[in-house]
Number of protein chains: 2
Amino acid sequence: MARARISDVAAAAGVSVTTVSLVMNDVESRISEETRTRVREAARAIGYAPSSVARGLRTQQTRTVGLISDQIATTPFAGDMLAGAQDAARENGYLVFLIDTGGDSAIEADAIRALTAQQVDALIYACMWHQVVPAPAGLPAGAVFLDCRPENGGYRSVVPDDRAGGAAAVRELVAAGHRRIAYIDTDDTPIASNLRHEGYLEVLAEHGIPVDPALHVQGETTARGGRAAFEQLLELPEEQRPTAIFCFNDRMAAGVYIAAHRRGLDIPRDLSIVGYDDQQLVAAEQDPPLTTIALPHYDMGRWAMEVALGVRAEGDEDATHLMECPVIRRDSVGPPPAQVAKPNRRRASHTERPPEAATDR
Amino acid sequence: MARARISDVAAAAGVSVTTVSLVMNDVESRISEETRTRVREAARAIGYAPSSVARGLRTQQTRTVGLISDQIATTPFAGDMLAGAQDAARENGYLVFLIDTGGDSAIEADAIRALTAQQVDALIYACMWHQVVPAPAGLPAGAVFLDCRPENGGYRSVVPDDRAGGAAAVRELVAAGHRRIAYIDTDDTPIASNLRHEGYLEVLAEHGIPVDPALHVQGETTARGGRAAFEQLLELPEEQRPTAIFCFNDRMAAGVYIAAHRRGLDIPRDLSIVGYDDQQLVAAEQDPPLTTIALPHYDMGRWAMEVALGVRAEGDEDATHLMECPVIRRDSVGPPPAQVAKPNRRRASHTERPPEAATDR
DNA sequence: TTGAAAGCGCTAACAC
DNA sequence: GTGTTAGCGCTTTCAA
């Protein structure tokens with residue numbers, strides 16, 4: 001059977017289409033309660049549902065949003081951003097068109113065209129990880145950047161506060177008593193890695209811990225890369241080795257776990273580790289479960305959608321919103337290995353690790 | 001500036017709207033080449049793009065597809081299905097509305113209503129893993145089930161061939177010389193786990209390998225669950241222990257790795273392992289990389305979209321398509337440990353484990 | 001409290 | 001080869 005139209009309902013209820021429209025849209029005013037119920041029943045009886053297409057044409061509002069991403073929907077990294085965005089869209093009665101471009105700019109341009117032709121009411125441009133990107137040509141004003149920033153501004157955006165996150169990670173380690181803290185870094189993703197590194201340096205400075213360049217190593221952002229970087233650290237003379245490691249991400253931390261376990265090192269007894277991302281299937285599945293810094297994907301997705309929809313008032317048309325990365329405490333952080341075993345291990349202990357360090361938690 | 005309309009282009013080019021429409025839609029017939037280019041230029045000059053909404057209303061075809069899923073977009077499990085579906089949609093000029101319901105049936109019902117109101121041309125109903133589900137009320141005929149089957153039929157569907165996949169996994173192990181092969185199973189996901197188990201039994205039977213119930217253990221589908229199940233296996237008398245393990249999924253296999261490494265067991269020298277899923281961030285990141293059976297997510301997604309769009313002819317309106325799960329050979333399978341080391345390792349085999357046991361399963 | 005009618009932007013049947 | 005026009009299904013102004 002063909003779709004029921006508003007005129008069918010009108011005929012069935014013995015009223016005009018105007019009345020049906022008024023009833024279906026819950027326009028307060030006029031219309032007696034009796035007519036109301038008559039219309040509603042007729043509608044239900046013939047299974048009528050208004051056509052969003054016709055309504056969209058008439059009102060020039062489609063209650064539809066476009067979400068263009070490089071790959072968030074199809075990779076395991078940042079799906080929660082979608083969840084946040086979707087939830088916000090649904091709560092406000094919007095449907096979302098999702099287009100993963102795979103990073104292909106031709107597809108991206110087509111996507112913008114197609115979404116514009118669809119007259120979406122809002123547009124979100126999302127990346128799978130924090131980066132600074134050129135704003136694609138033709139991107140409508142009012143679009144919101146999610147997990148990325150337009151390099152020349154002009155749009156609102158939301159990204160994780162990686163600097164504060166890096167600081168929080170290191171603070172966690174310092175609070176446990178560590179002073180020799182390595183940072184296993186990467187150069188694959190410059191923005192995030194630089195910011196986290198800044199946070200690392202900031203906390204060392206805060207506590208008067210000298211920076212040892214030998215404790216800053218790099219690798220690719222995989223378990224293999226983390227493992228290789230860790231092995232580099234193990235080549236240091238024993239007293240120079242770290243007692244704790246802050247890893248750029250959880251995958252790299254997983255590599256450290258593998259190497260540590262193979263050498264019989266116990267986590268956290270012999271080595272404390274903090275990761276980053278709180279990545280599903282990685283962080284919590286380690287043994288012991290990994291303490292890490294969570295990327296606020298869900299909240300960023302929700303923020304972006306609410307701002308794009310105009311549901312959340314954000315003063316500035318051209319500002320970057322930094323979202324906090326919470327510490328997820330699990331079991332990979334403990335105090336440094338007891339040093340009584342190596343009484344003569346270093347210089348005067350007050351320079352090495354002031355007892356006060358234990359108290360600043 | 002407001003959106004340009006077709007009449008603006010017509011005026012600018014000094015032709016009628018019909019002509020513009022014909023040109024924009026590349027309708028061969030009539031229209032001189034000269035007029036054509038004039039129209040095209042006018043359109044480009046004023047930045048005209050046809051409104052999909054108006055076109056949708058007029059033609060009653062929106063070139064839009066709905067994809068309702070439980071959680072595939074927001075979890076790290078099956079994102080490739082989306083990639084396959086999206087690619088197929090894009091290639092055919094369709095845009096996709098994505099709705100993750102989180103498994104909430106009220107949201108699901110709303111989603112079906114909203115998508116119907118949007119007059120989507122096709123609908124895909126997808127699950128994050130292979131299961132049999134009741135078809136939601138109101139689901140339009142012609143919808144396609146992706147990675148799930150409607151319990152009472154009535155719709156086309158595509159699911160992985162888990163039975164053949166299970167068989168392939170075990171065959172891999174048998175080919176390497178193993179005879180004592182355990183199956184670390186789960187009861188969390190009945191359909192897939194039963195099917196894979198059937199494949200396991202099938203191959204044992206094929207090779208006349210007796211079935212040992214002690215080698216069939218269960219756990220939850222996490223690294224922790226896999227680890228616990230493996231430890232149960234290690235409690236068996238030495239000569240009864242498996243030399244190879246087929247794990248229900250890669251996460252459980254990861255748990256086996258952890259326990260094995262902690263005990264100093266080398267993979268694959270002391271123990272061979274085959275997983276299932278070829279899960280990103282899990283399978284390939286193990287050390288050594290895990291041999292596993294891939295779930296054909298991308299191809300299933302593409303299949304579902306093509307069938308839903310009517311681009312791929314599928315005879316039966318009510319059939320389940322089984323998609324092959326390829327073996328991904330990596331480095332976790334090797335020959336069983338040499339048995340010369342324990343010449344008297346088992347007693348008379350017929351008392352220890354009567355061959356008839358193979359038949360009573 | 002209700003209805004008639006215009007018109008959103010487009011396509012396509014039909015006329016020229 | 002090109003133009004006129006009806007109408008897709010709805011909302012909304014205006015009149016009654």
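Each chain gets a letter, A, B and so on, in the order its sequence line appears, and its residues count up from 1.
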Value in whole Å for how far the P atom of C:dG9 lies from CD of A:Q118:
15 Å
Using the side-chain heavy atoms of A:S16, tell me which of these nucleotides is nearest: D:dT12, C:dA4, D:dC10.
C:dA4
Report the relative orientation of the aromatic rings in B:F145 and B:Y155; use parallel for angles under 30°, tilted for 30 to 60°, perpendicular for over 60°.
tilted
Measure the shortest side-chain to side-chain distance between A:P150 and A:S157 over non-hydrogen atoms and say whether it is less than 4.5 angstrom.
yes
What's the closest nucleotide to the B:Y48 side chain, out of D:dT4, D:dT11, C:dC10?
C:dC10
Tell me whether the side-chain N/O atoms of A:T18 come closer than 4.0 Å to OP1 or OP2 in C:dA5.
no
Could you check whether any side-chain heavy atom of A:L95 comes within less than 4.5 Å of a side-chain heavy atom of B:I99, counting everything from C-beta outward?
yes
For the side chain of A:D104 and the backbone of A:I107, is there at least one donor-acceptor N/O pair under 3.5 Å apart?
yes
To the nearest Å, how far apart are A:N25 CG and D:dC10 C1'?
9 Å
Which sits closer to the 5' end of DNA chain D, B:V17 or A:S7, going by the nucleotide each is nearest to?
B:V17
Residue pair B:A54/B:S32 against DNA chain D: nearer the 5' end by closest nucleotide is B:S32
In whole angstrom, what separates A:Q61's CD from D:dC10's P?
18 Å
D:dG3, OP1 or OP2 - any side-chain N/O from B:T19 closer than 4.0 Å?
yes
Under 4.0 Å between a side-chain N/O of A:S51 and OP1 or OP2 of D:dG9, yes or no?
no
In whole Å, what is the span from the CZ atom of A:R5 to the P atom of D:dC8?
7 Å
For the pair made of CG in B:D8 and P in C:dG9, what is the distance, rounded to whole Å?
9 Å
Scanning both residues in full, the closest heavy-atom pair of B:L123 with B:V65 reads N-CG1, 4.2 Å
Is A:V53 touching bases, backbone alone, or none of the nucleic acid, heavy atoms closer than 4.0 Å?
nothing
For atom CZ of B:R58 and atom P of C:dC10, their distance in whole Å:
13 Å
For D:dT11 and A:S21 - does any side-chain N or O of the residue sit under 4.0 Å from the phosphate oxygens OP1/OP2?
yes
Spacing of A:I6 atom CD1 relative to D:dC8 atom P, expressed in whole Å:
14 Å
Rounded to the nearest Å, what distance is computed from the CD atom of residue A:Q60 to the P atom of nucleotide D:dG9?
18 Å
